[in-house]
**Student:** 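Pasting a structure below so you can have a look.
Note that the coordinates shown come from a computational prediction; the quantities given were computed from them, not determined experimentally.
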Amino acid sequence: VHPLPFTAIVFAISVAAGFLGSLTGLGGGVIVTPVLTLLLGVDLHHAMGASLISVIATSSGAAAAYVKEGYSNVRAGMFLEIATTLGAVAGAHLTTVLPGSALAEIFGVVLLYSAWHSLRQGRPAGPRPPSAPDPLAERLRLEGSYPESGHLVSYGVSRVKAGFSLMCGAGLLSGLLGIGSGAMKVIAMDQVMRIPFKVSTTTSNFMIGVTAAASAGIYFRRGYLEAPLVMPVMLGVLAGSMAGARTLMGAGTRSLRLVFAAVVGLMAIEMIASGLAGGVR
Amino acid sequence: MTTERMDTIMGNLLRTGVLLAAAVVAVGGVWYLAGNPPAGNPAAVKLIWIGLGILVATPVARVVFSVAAFALAGDRIYVAITLIVLLVLLYSIAAAWW
């Protein structure tokens, strides 16, 4: 059988996943894996491997723009990458120990949470109670500033240790499931360390590539990376997310986001069910 | 080196790496699919792997650059921090072969 039709279908699915993942902030990787396994019957490990590689491409591409514009907190990102890369290595090793059914269940739960989390994004942020600056943050000079309507806004950083611990978990999930785990990274910075939301999302993006790269070698060694599958997924998700980043969020995308979150939620439940039934084949 | 200058270089490094990797993977992919039969075209598959290698090397190169930039700035704490990240990445790359 010639691989052209399969490759074309995988490419089309990946473009859609990248586009919607970028539009909703979920990321393309977390969407493409369940579609490949549930719809096309791709092996879960191979889907995770292709997703992991696509995540490196999209995050590095987007990070390039954000870093230049001065949004990302490069110092905080680099410091927290110690946590995410160590977590990712542990997670990548865990995939080889855990049965496929357990991986499918964990993936489903994470996907369900991500869908719910993406729905809450865009809600008006209320004023936050001021929190004490962390001496560790001052020692590491994690504070920063970002451009907003023509001037620079300065901010401090709180609860460095708690944020660092959560980043270990984000890295673990990234390596375990072949995803960027951007949502958890944003929670660690925005909610725990009190870094402004815009800075948190762009710094998360900056960190995702390095985090995913820390699992890539182990995935390769275990045979999770299949060049003929990774090729259309990586190119498709990258093209889709670049198009998504250029699309403005309007009234139409608001309802699109709702529909999409429902679809992702259903996929998550399907994923959990398949795991309970003995694993995705 | 100023922070702005470092950010600009890093941004360019990431963009160049991703675009180069995507181009190499795309050429390898088209070549692979044009083969008859495709499975009998190991050179095309090898080219896809080279492109994927460039992609994974891109964030690693960003960390290597950061180590050098912080060293030039005399920022010892951040040289140590970025070196730890680099070591973890090198461990993963080494794990690909052993």
**Student:** Counting only heavy atoms closer than 4.5 Å, note whether A:Phe79 contacts chain B via side chain, backbone, both or neither.
**Tutor:** both

**Student:** Between A:Thr7 and chain B, with a heavy-atom cut-off of 4.5 Å, which part of the residue counts as in contact: side chain, backbone, both or neither?
**Tutor:** side chain

**Student:** Can you tell which part of B:Asp75 gets under 4.5 Å to a heavy atom of chain A, answering side chain, backbone, both or neither?
**Tutor:** side chain

**Student:** Is chain B contacted by the side chain of A:Met234, its backbone, both, or neither, given a heavy-atom distance below 4.5 Å?
**Tutor:** side chain

**Student:** So which heavy atom on A:Ala213 is nearest to which on B:Pro59, and how close?
**Tutor:** CB-CG, 3.9 Å

**Student:** Under 4.0 Å between a side-chain nitrogen and a carboxylate oxygen: does that hold for B:Arg62 and A:Glu81?
**Tutor:** yes

**Student:** Please rank A:Arg139, A:Glu69, A:Met78 by heavy-atom pairs under 4.5 Å with chain B and give me the top one.
**Tutor:** A:Met78

**Student:** Partners of A:Ser158 by side chain to side chain donor-acceptor pair (under 3.5 Å), sequence neighbours excluded?
**Tutor:** A:Ser131

**Student:** Can you tell which part of A:Phe206 gets under 4.5 Å to a heavy atom of chain B, answering side chain, backbone, both or neither?
**Tutor:** both

**Student:** I'd like to check B:Met10 versus A:Lys68 (side-chain heavy atoms, cut-off strictly below 4.5 Å). Are they in contact?
**Tutor:** no

**Student:** Between A:Ser215 and chain B, with a heavy-atom cut-off of 4.5 Å, which part of the residue counts as in contact: side chain, backbone, both or neither?
**Tutor:** backbone

**Student:** To the nearest 0.5 Å, how far apart are OG in B:Ser92 and OH in A:Tyr219?
**Tutor:** 10.5 Å

**Student:** Side chain, backbone, both or neither: which part of A:Ala65 has an atom under 4.5 Å from a heavy atom of chain B?
**Tutor:** both

**Student:** State the OG-CZ distance between B:Ser66 and A:Arg75, to the nearest 0.5 angstrom.
**Tutor:** 11.5 Å

**Student:** Could you walk me through whether A:Phe220 and B:Leu52 pass the side-chain contact (heavy atoms from CB on, under 4.5 Å) check?
**Tutor:** CA-CA 11 Å; A:Phe220 176 81; B:Leu52 298 179; over 6 Å; no

**Student:** Which pair of non-hydrogen atoms, one from B:Val88 and one from A:Val89, has the smallest distance, and what is that distance?
**Tutor:** CG1-CG2, 3.7 Å

**Student:** Closest heavy-atom contact between A:Leu235 and B:Ala26?
**Tutor:** CD1-CA, 3.7 Å

**Student:** Please report the interatomic distance CG(B:Leu86) to CD1(A:Ile82), rounded to the nearest 0.5 Å.
**Tutor:** 11.5 Å

**Student:** Non-hydrogen atoms of chain B under 4.5 Å away: do they reach the side chain of A:Val230, the backbone, both or neither?
**Tutor:** side chain

**Student:** Of all heavy-atom pairs between B:Tyr78 and A:Leu140, which one has the smallest distance, and what is that distance?
**Tutor:** OH-O, 2.6 Å

**Student:** Should A:Thr85 and B:Ile84 count as side-chain neighbours, where that means a heavy-atom distance under 4.5 Å?
**Tutor:** no

**Student:** Given that the side chain runs from C-beta out, which part of A:Leu4 has a heavy atom under 4.5 Å from chain B: side chain, backbone, both or neither?
**Tutor:** both

**Student:** For A:Ser60 and B:Leu14, work out which heavy atoms get closest and say how close.
**Tutor:** O-CB, 3.7 Å

**Student:** Which heavy atom of B:Gly11 sits nearest to which heavy atom of A:Val67, and what is that distance?
**Tutor:** N-CG1, 4.4 Å

**Student:** With respect to chain B, which residue among A:Ala216, A:Ala214, A:Gly209 yields the maximal number of heavy-atom pairs within a distance under 4.5 Å?
**Tutor:** A:Ala214

**Student:** Taking side chain as everything from C-beta outward and backbone as N, CA, C, O, which of these in B:Ile77 sits under 4.5 Å from a heavy atom of chain A? Side chain, backbone, both or neither.
**Tutor:** side chain

**Student:** Could you go through B:Thr58 and A:Ile56, starting from their C-alpha distance and side-chain angles, then the distance that decides it, and tell me whether this counts as side-chain contact (heavy atoms from CB on, under 4.5 Å)?
**Tutor:** CA-CA 9 Å; B:Thr58 298; A:Ile56 300 177; 5.9 Å; no

**Student:** State the CG-CD1 distance between A:Leu225 and B:Ile48, to the nearest 0.5 angstrom.
**Tutor:** 12.5 Å

**Student:** If I measure from the heavy atoms of chain B, does A:Leu86 come under 4.5 Å with its side chain, its backbone, both, or neither?
**Tutor:** both

**Student:** How long is the gap from CZ on A:Arg221 to CD1 on B:Ile93, to the nearest 0.5 Å?
**Tutor:** 15.0 Å

**Student:** Quick check on B:Val25 against chain A: is it the side chain, the backbone, both or neither that has a heavy atom closer than 4.5 Å?
**Tutor:** both

